[in-house]
Trainee: 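Dropping the structure in here first, questions after.
Side chains are part of it too, since the values below use all heavy atoms of this structure and drop only hydrogens, waters and symmetry mates. Within every chain, numbering begins at 1; the chains are lettered A, B, ... in the order of the sequence lines, protein sequences first and strands thereafter.
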Amino acid sequence: MKSEPSVQSIDDLAAMPSQKVGWFGVRNYLARNYMRDQMAEGDTVFFYHSSCPQPGIAGIARVASLPYPDPTQFEPDSEYFDPKSSSENPRWIQVEVGFVRKTRLMALPELRATPGLEAMPLLQKGNRLSITPVSAEEAAVILSLLA
DNA sequence: GCCAACGTTGGC
DNA sequence: GCCAACGTTGGC
């Protein structure tokens with residue numbers, strides 16, 4: 001899951017009293033569907049810093065809730081407000097993401113150079129999704145290098 | 001700041 | 001339903 005560290009970094013997550021944050025603001029259907037259909041509570045999440053001097057994996061987190069409606073879609077003053085959404089039929093959902101640990105930065109060039117990660121959607125040309133799936137095998141490769 | 005890639009919008 | 005125009009993402 002990508003986050004701009006200037007908005008919310010792994011350190012920010014670690015510093016929260018609950019060490020959890022609702023992953024609000026996802027407004028892409030594919031990314032939403034990954035949260036809704038592909039994630040389960042307890043799943044490992046790689047916390048990726050994007051749009052920053054050194055993009056890469058900065059920590060490990062965990063899916064800490066079932067999917068539920070993203071409250072910002074109903075807030076007229078929010079930049080994430082969606083007038084086409086309704087509480088009866090919410091369009092956007094989020095999950096809670098819980099801090100597990102900070103890791104060394106596994107930067108994008110290292111990810112690209114690591115055997116076994118070539119097929120990761122995150123690394124595919126043109127990928128812009130803020131949430132992409134990681135296979136169990138890919139996760140094991142990454143975790144072994146972050147140990 | 002540039003630009004490739006891709007999603008969304010809206011006219012028809 | 002098509003598709004051009006436009007907006008956004010995000011690495012560099």
Side-chain angles (χ1 to χ4, degrees), chain A residues 1-16 20-39 43-146:
Chain A
M1 300 177 87
K2 296 183 190 174
S3 181
E4 300 187 20
S6 61
V7 177
Q8 180 178 250
S9 70
I10 187 75
D11 291 318
D12 295 332
L13 178 60
M16 290 182 178
K20 277 199 297 186
V21 66
W23 209 260
F24 63 89
V26 172
R27 293 295 180 270
N28 173 284
Y29 288 105
L30 255 181
R32 179 201 69 179
N33 294 348
Y34 287 138
M35 284 196 289
R36 188 187 63 193
D37 305 330
Q38 309 276 112
M39 286 184 176
D43 280 359
T44 295
V45 169
F46 294 108
F47 196 108
Y48 181 93
H49 284 175
S50 68
S51 291
C52 60
Q54 275 214 295
I57 293 171
I60 296 171
R62 174 177 293 138
V63 177
S65 79
L66 297 171
Y68 62 97
D70 176 344
T72 62
Q73 70 194 305
F74 307 124
E75 297 167 6
D77 293 336
S78 168
E79 63 175 306
Y80 299 113
F81 178 63
D82 185 347
K84 295 176 185 165
S85 190
S86 68
S87 51
E88 300 77 37
N89 191 17
R91 180 176 296 195
W92 305 109
I93 55 99
Q94 63 182 21
V95 295
E96 297 282 326
V97 173
F99 178 76
V100 175
R101 67 184 171 98
K102 190 177 177 177
T103 63
R104 72 177 177 86
L105 185 78
M106 190 171 180
L108 186 54
E110 180 181 358
L111 288 167
R112 292 197 188 285
T114 299
L117 303 185
E118 299 87 351
M120 274 183 73
L122 172 72
L123 303 178
Q124 301 314 300
K125 182 174 179 168
N127 165 64
R128 296 181 312 167
L129 283 177
S130 61
I131 299 174
T132 50
V134 182
S135 73
E137 293 77 12
E138 291 159 349
V141 168
I142 295 167
L143 287 168
S144 73
L145 293 170
L146 291 178

Trainee: Determine yes or no for a side-chain-to-main-chain donor-acceptor pair under 3.5 angstrom, with A:N33 supplying the side chain and A:L30 the backbone.
Mentor: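 No, because the side chain of A:N33 does not come within donor-acceptor range (under 3.5 Å) of the backbone of A:L30.
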Trainee: Specify the separation, in whole Å, of atom CD of A:E79 and atom P of C:dT8.
Mentor: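 Going from A:E79 (CD) to C:dT8 (P), I get 11 Å.
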Trainee: Nearest whole Å is fine: how far is C:dG10 P from A:M1 CE?
Mentor: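 So the CE-P distance, A:M1 to C:dG10, works out to 13 Å.
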Trainee: Between A:D70 and A:R27, does any side-chain N to carboxylate O distance fall below 4.0 Å?
Mentor: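 Judged by the 4.0 Å cut-off on N to carboxylate O distance, A:D70 and A:R27 do form a salt bridge.
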Trainee: Do A:M1 and A:M39 make a side-chain contact, defined as non-hydrogen atoms from C-beta onward lying under 4.5 Å apart?
Mentor: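 Yes - at least one pair of side-chain heavy atoms lies under 4.5 Å apart.
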Trainee: When you check the gap from the basic side-chain N to the acidic O, do A:E110 and A:R104 get nearer than 4.0 Å?
Mentor: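 Looking at A:R104 together with A:E110, the answer is yes, because their closest N to O distance falls below 4.0 Å.
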Trainee: Which of the following nucleotides, C:dG11, B:dT8, B:dA5, is nearest to the side chain of A:P55?
Mentor: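 The answer is C:dG11, which lies nearest to the side chain.
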Trainee: So if I take every side-chain heavy atom of A:Y29 and compare against C:dG10, B:dA4, B:dT8, which nucleotide ends up nearest?
Mentor: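 Among the listed nucleotides, the one closest to the side chain of A:Y29 is B:dT8.
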Trainee: State, with a plain yes or no, whether a side-chain heavy atom of A:W23 is found less than 4.5 Å away from one of A:Q8.
Mentor: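 Result yes, sub-4.5 Å side-chain heavy-atom pair found.
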Trainee: Tell me which nucleotide among C:dG10, B:dT9, B:dA5 gets nearest to the side chain of A:K84.
Mentor: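 Looking only at heavy atoms from C-beta outward on A:K84, the closest nucleotide is B:dT9.
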Trainee: In whole Å, what is the span from the CG atom of A:N28 to the P atom of B:dA5?
Mentor: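 Answer to the nearest Å: 18 Å.
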Trainee: Looking only at the side chain of A:S130 (C-beta and beyond, no hydrogens), which of the listed nucleotides C:dG10, B:dA5, B:dT9 gets closest?
Mentor: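 Nearest nucleotide to the side chain: C:dG10.
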Trainee: State which of C:dG11, B:dA4, B:dT9 makes the closest approach to the side chain of A:Y48.
Mentor: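 Nearest to the side chain of A:Y48 among the choices is C:dG11.
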Trainee: Would you indicate which nucleotide in C:dG11, C:dG10, B:dC6 comes nearest to any side-chain atom of A:K2?
Mentor: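 Comparing C:dG11, C:dG10, B:dC6 against the side chain of A:K2, the answer is C:dG10.
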Trainee: Without decimals, in angstroms, what is the distance between A:L108 CG and C:dT9 P?
Mentor: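 Result: 18 Å.
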Trainee: Contact class for A:L30 (heavy atom, under 4.0 Å): base, sugar-phosphate, or nothing?
Mentor: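 If one applies the 4.0 Å heavy-atom cut-off, A:L30 turns out to touch nothing in the nucleic acid.
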Trainee: Rounding to a whole Å, what distance do you find between A:Q124:CD and C:dT9:P?
Mentor: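 Those two atoms, CD and P, are 21 Å apart.
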Trainee: Determine: side-chain N/O of A:K125 to OP1/OP2 of B:dA5, distance under 4.0 Å, yes or no.
Mentor: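 True: A:K125 side-chain N/O within range (under 4.0 Å) of B:dA5 OP1/OP2.
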Trainee: Rounded to whole Å, please give me the gap between NE2 in A:H49 and P in C:dG10.
Mentor: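 To the nearest whole Å, that distance equals 14 Å.
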Trainee: Nearest whole angstrom, please: distance from the C1' of C:dC12 to the CZ of A:R112.
Mentor: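 One finds 11 Å between C1' of C:dC12 and CZ of A:R112, rounded.
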Trainee: What is the separation between atom CH2 on A:W92 and atom P on B:dG7, rounded to the nearest whole Å?
Mentor: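 That distance rounds to 13 Å.
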